[in-house]
Amino acid sequence: MSSVRVRFAPSPTGMLHVGGARTALFNWLFARHHSGTFILRVEDTDQQRNTPEANEAIFSGLTWLGLDWDEGPNRGGSHGPYRQSERTGIYERYLAKLQDSGATYSDESGAIRFRCPNSPRRIADLICGDTHFEQRSEPDMTVRRADGSFIFHFVNVVDDIEMGVTHVIRGEDHLSNTPRHLDLYEAFRVEPPRFAHIPLILNENGSKMSKRDEGASVAEYRAAGYHPTGVLNYLALLGWSPKEDREIFPLEELVTRFSLEGITRGNAKFSLEKCGWISGQYFHGMDPEPLREVLLPFLATAGLETPADQLPDALLLELRTKIRTLSDAVPLLLPLLVDVFPVEAAAAAKLASQGDPSPLLRALATSFAEESSWQPAGLEAAIGRAAERLGLKKGALMFPCRVALTGQSGGFGLTLVLERLGRERSLERLGRFP
RNA sequence: GACCCGUUCGUCUAGCGGUUAGGACACCGCCCUUUCACGGCAGUAACACGGGUUCGAUUCCCGUACGGGUCGCCA
């Protein structure tokens, strides 16, 4: 069995970064494409960061996106434990090997350092191609602190060896660290894995995406109600190309098409705009039932407890084309669900500029009052009758009616609004306005 | 500073010696439409620069410029 084993090895920083999410995605896609194993390993050697909340941020972020791991925390596996804080014994063993070979020494502070051979290294990177480091002048790296805790480069290599990792797919910021990792592999007399360094994600200003940038944390997308698969789809297209003039690739298709050859070389700037567009594409194609399922809890957290029957299929079918994120649905739905809603300043101003709307609204109310069935066709006709009596075109009544009923200049079809509101509330709003 | 990686529309990208340089987001116009959207159609917009190699370079090579990364007892 020479099956593929890859890993995503985040440090618990308190959030799952979009850059990390994309690294996880590429590893996950690579594993799934090759029917291999995707390992989640938590690099928590820095005790200060290692809090339950920080760990949870990683798990919930990956889970929300739909990236499941075959081995890792909360899952187990034959190569565990999967938290570095629980692997000290393994590190001690490997350190002893290094010490026996005379490759290390203790410095004045008591930390253990690895003598850097500074020998030329060649990396046959699967993405960057052959990369040569001929003139190295690196200091001896610390492998263990005086307090006994281990350093990233060391544990990273040891774990990759112990976990049988075959391909290291990680950010390009590690490319320059790779020669030192190769030093370690050589010292351990272990054949190194294949390396694939993916380009970085930059923020919209062109600098490295940092924790403080808008959209840096996966949790933000979840909170804003982005479609998780849409976010994944966007992330996949950021630095990887299926080489086809198409943007929407469902997860299964991503799996079959993914290959390291398709990964592009240059760093990519993140576009919240396009991410939103793709998210919208996923909502546009969503059936009413699953949409209702994700929408109801979202509305609840937004303070809009809504009975499921308030979101009938007809409404959701229209709603889905108007949203890119679930939060877009909140203002749209608000006037239909509660009686206190804001009136858009622009809508009010436009209405005022057209003269006193009161006669129009009264005429509408009169016509609506005559409607017994309260069905779309009849309501449409009622608007027509009101227009006729006023000697106006039907269109002239639509806008005032819309503003009186919803406070908005846009939104759902008017008859749908009237139908949802019902006779009583509709007449009440027409009479109450402004 | 040393070392490493990169450079096609504003952004994400296709291209792999000869193309009207294609697609997508955004933008703009039109159509559809009671509104906002959705959808459809059309448009503006790119090969960083300089040398080579070649009959011919966006494509290959070398420089320059610019951008990014690494050089930690962070990961």
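Throughout, a chain's letter reflects where its sequence line sits, starting with A, and its residues are numbered from 1.
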(message) Can you tell me if Arg113(A) touches the phosphate of C73(B), counting only side-chain N or O atoms and a distance under 4.0 Å to OP1 or OP2?
(response)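 Result: yes.
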
(request) For each nucleotide in nucleotides 8-15 of chain B, reading 5' to 3', give B when a protein heavy atom comes within less than 4.0 Å of its base, S when such contact involves only the sugar-phosphate, and - otherwise. (result) ---SBSSS

(request) For nucleotides 26-43 of chain B, just jot down a letter per nucleotide in 5' to 3' order: B, S or -, based on protein non-hydrogen atoms under 4.0 Å. (result) S-------BBBBSS----

How long is the line joining [atom1] of [X] and [atom2] of [N], in whole Å?
{"X": "Gln84(A)", "N": "C74(B)", "atom1": "CD", "atom2": "P", "value": "13 Å"}
{"X": "Leu202(A)", "N": "U7(B)", "atom1": "CG", "atom2": "P", "value": "13 Å"}
{"X": "Phe152(A)", "N": "A75(B)", "atom1": "CZ", "atom2": "P", "value": "8 Å"}
{"X": "Phe114(A)", "N": "G72(B)", "atom1": "CZ", "atom2": "C1'", "value": "17 Å"}
{"X": "Phe8(A)", "N": "A75(B)", "atom1": "CZ", "atom2": "P", "value": "16 Å"}
{"X": "Ile123(A)", "N": "U70(B)", "atom1": "CD1", "atom2": "C1'", "value": "11 Å"}
{"X": "Asp140(A)", "N": "C73(B)", "atom1": "CG", "atom2": "P", "value": "11 Å"}

(request) Run the numbers on Arg170(A) and Thr178(A) for side-chain hydrogen bond (donor to acceptor under 3.5 Å, both in side chains), then give the verdict. (result) CA-CA 11 Å; Arg170(A) 68 200 342 179; Thr178(A) 308; 3.2 Å; yes

Could you check whether [Y] and [X] have their ring centres less than 6.0 Å apart?
{"X": "Phe270(A)", "Y": "Tyr234(A)", "value": "yes"}
{"X": "Phe38(A)", "Y": "Phe8(A)", "value": "no"}
{"X": "Trp240(A)", "Y": "Phe258(A)", "value": "yes"}
{"X": "His174(A)", "Y": "Phe152(A)", "value": "yes"}

Could you identify the nucleotide paired to [N], looking across every strand shown and requiring Watson-Crick or G-U wobble geometry with both distances under 3.5 Å?
{"N": "C71(B)", "answer": "G1(B)"}
{"N": "A57(B)", "answer": "none"}
{"N": "G43(B)", "answer": "C27(B)"}
{"N": "C66(B)", "answer": "G6(B)"}
{"N": "A21(B)", "answer": "none"}

(request) Identify whether any heavy atom of Arg180(A) sits under 4.0 Å from a base atom; if not, whether one sits that close to sugar-phosphate; answer base, sugar-phosphate or nothing. (result)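 Arg180(A): backbone/sugar contact only, no base atoms under 4.0 Å.
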
(message) Within the 4.0 Å heavy-atom criterion, would you say Asn177(A) contacts the bases, only the backbone, or no part of the nucleic acid?
(response)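 Base contact.
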
Span that lies between the [atom1] atom of [M] and that of [N], in whole angstrom:
{"N": "G23(B)", "M": "C66(B)", "atom1": "P", "answer": "34 Å"}
{"N": "C3(B)", "M": "G43(B)", "atom1": "C1'", "answer": "47 Å"}
{"N": "C38(B)", "M": "C28(B)", "atom1": "P", "answer": "13 Å"}
{"N": "C60(B)", "M": "C47(B)", "atom1": "C1'", "answer": "15 Å"}
{"N": "G22(B)", "M": "A46(B)", "atom1": "C1'", "answer": "12 Å"}
{"N": "A75(B)", "M": "C71(B)", "atom1": "C1'", "answer": "15 Å"}
{"N": "G52(B)", "M": "U59(B)", "atom1": "C1'", "answer": "15 Å"}
{"N": "G1(B)", "M": "A57(B)", "atom1": "C1'", "answer": "36 Å"}

(message) Taking the minimum atom-to-atom distance to the side chain of Asp107(A), which one of G69(B), C73(B), A75(B) wins?
(response)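 For Asp107(A), the side-chain atoms sit closest to C73(B).
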
(request) Please determine, for the side chain of Pro139(A), which listed nucleotide (G68(B), A75(B), C71(B)) has the closest atom? (result)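 The nucleotide sitting nearest to the side chain is C71(B).
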
(message) Return whichever of Phe150(A) or Cys275(A) has its heavy-atom-nearest nucleotide of RNA chain B closer to the 5' end.
(response)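 So the residue in question is Cys275(A).
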
(request) Mind checking the OG1-CZ spacing from Thr104(A) to Arg115(A)? Nearest 0.5 Å is all I need. (result)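 The distance works out to 7.0 Å.
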
(message) Distance check, rounded to the nearest 0.5 Å: Trp28(A) atom CH2 versus Thr23(A) atom OG1?
(response)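 The OG1 atom of Thr23(A) is 15.5 Å from CH2 of Trp28(A), to the nearest 0.5 Å.
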
(message) When you compare the side chain of His132(A) with that of Pro120(A), does any pair of heavy atoms fall below 4.5 Å?
(response)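 Counting from C-beta outward, Pro120(A) and His132(A) never come under 4.5 Å.
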
(message) Are Ile127(A) and His197(A) packed together at the side-chain level, in the sense that at least one heavy-atom pair is separated by less than 4.5 angstrom?
(response)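 The answer is no; the side chains never approach within 4.5 Å.
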
Every protein N/O lying under 3.5 Å from an N/O of nucleotides 1-5 of chain B:
{"residue": "C5(B)", "atom": "O3'", "partner": "Arg265(A)", "partner atom": "NH2", "Å": "2.9"}
{"residue": "C5(B)", "atom": "O2'", "partner": "Glu172(A)", "partner atom": "OE1", "Å": "3.3"}
{"residue": "C5(B)", "atom": "O2'", "partner": "Arg265(A)", "partner atom": "NH2", "Å": "3.3"}

(request) Scan Asp159(A), Ile112(A), Leu98(A), Thr45(A) and name whichever one has a side chain to side chain contact (heavy atoms under 4.5 Å, CB included) with Phe154(A). (result)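 The passing option is Leu98(A).
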
(request) Quick one: do Glu71(A) and Arg5(A) satisfy side chain to side chain contact (heavy atoms under 4.5 Å, CB included)? Show the steps, please. (result) CA-CA 10 Å; Glu71(A) 295 178 22; Arg5(A) 290 178 63 81; 3.0 Å; yes

(message) Could you go through Leu336(A) and Leu315(A), starting from their C-alpha distance and side-chain angles, then the distance that decides it, and tell me whether this counts as side chain to side chain contact (heavy atoms under 4.5 Å, CB included)?
(response) CA-CA 10 Å; Leu336(A) 301 186; Leu315(A) 182 66; 3.8 Å; yes

(message) Tell me whether the count of non-hydrogen atoms from other residues, nucleotides or ligands lying under 6.0 Å of NZ in Lys97(A) goes above 12.
(response)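 Enclosed.
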
(message) Is it true that Glu220(A) and Tyr226(A) share a donor-acceptor pair across their side chains at a distance under 3.5 Å?
(response)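 There is no such pair between these side chains.
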
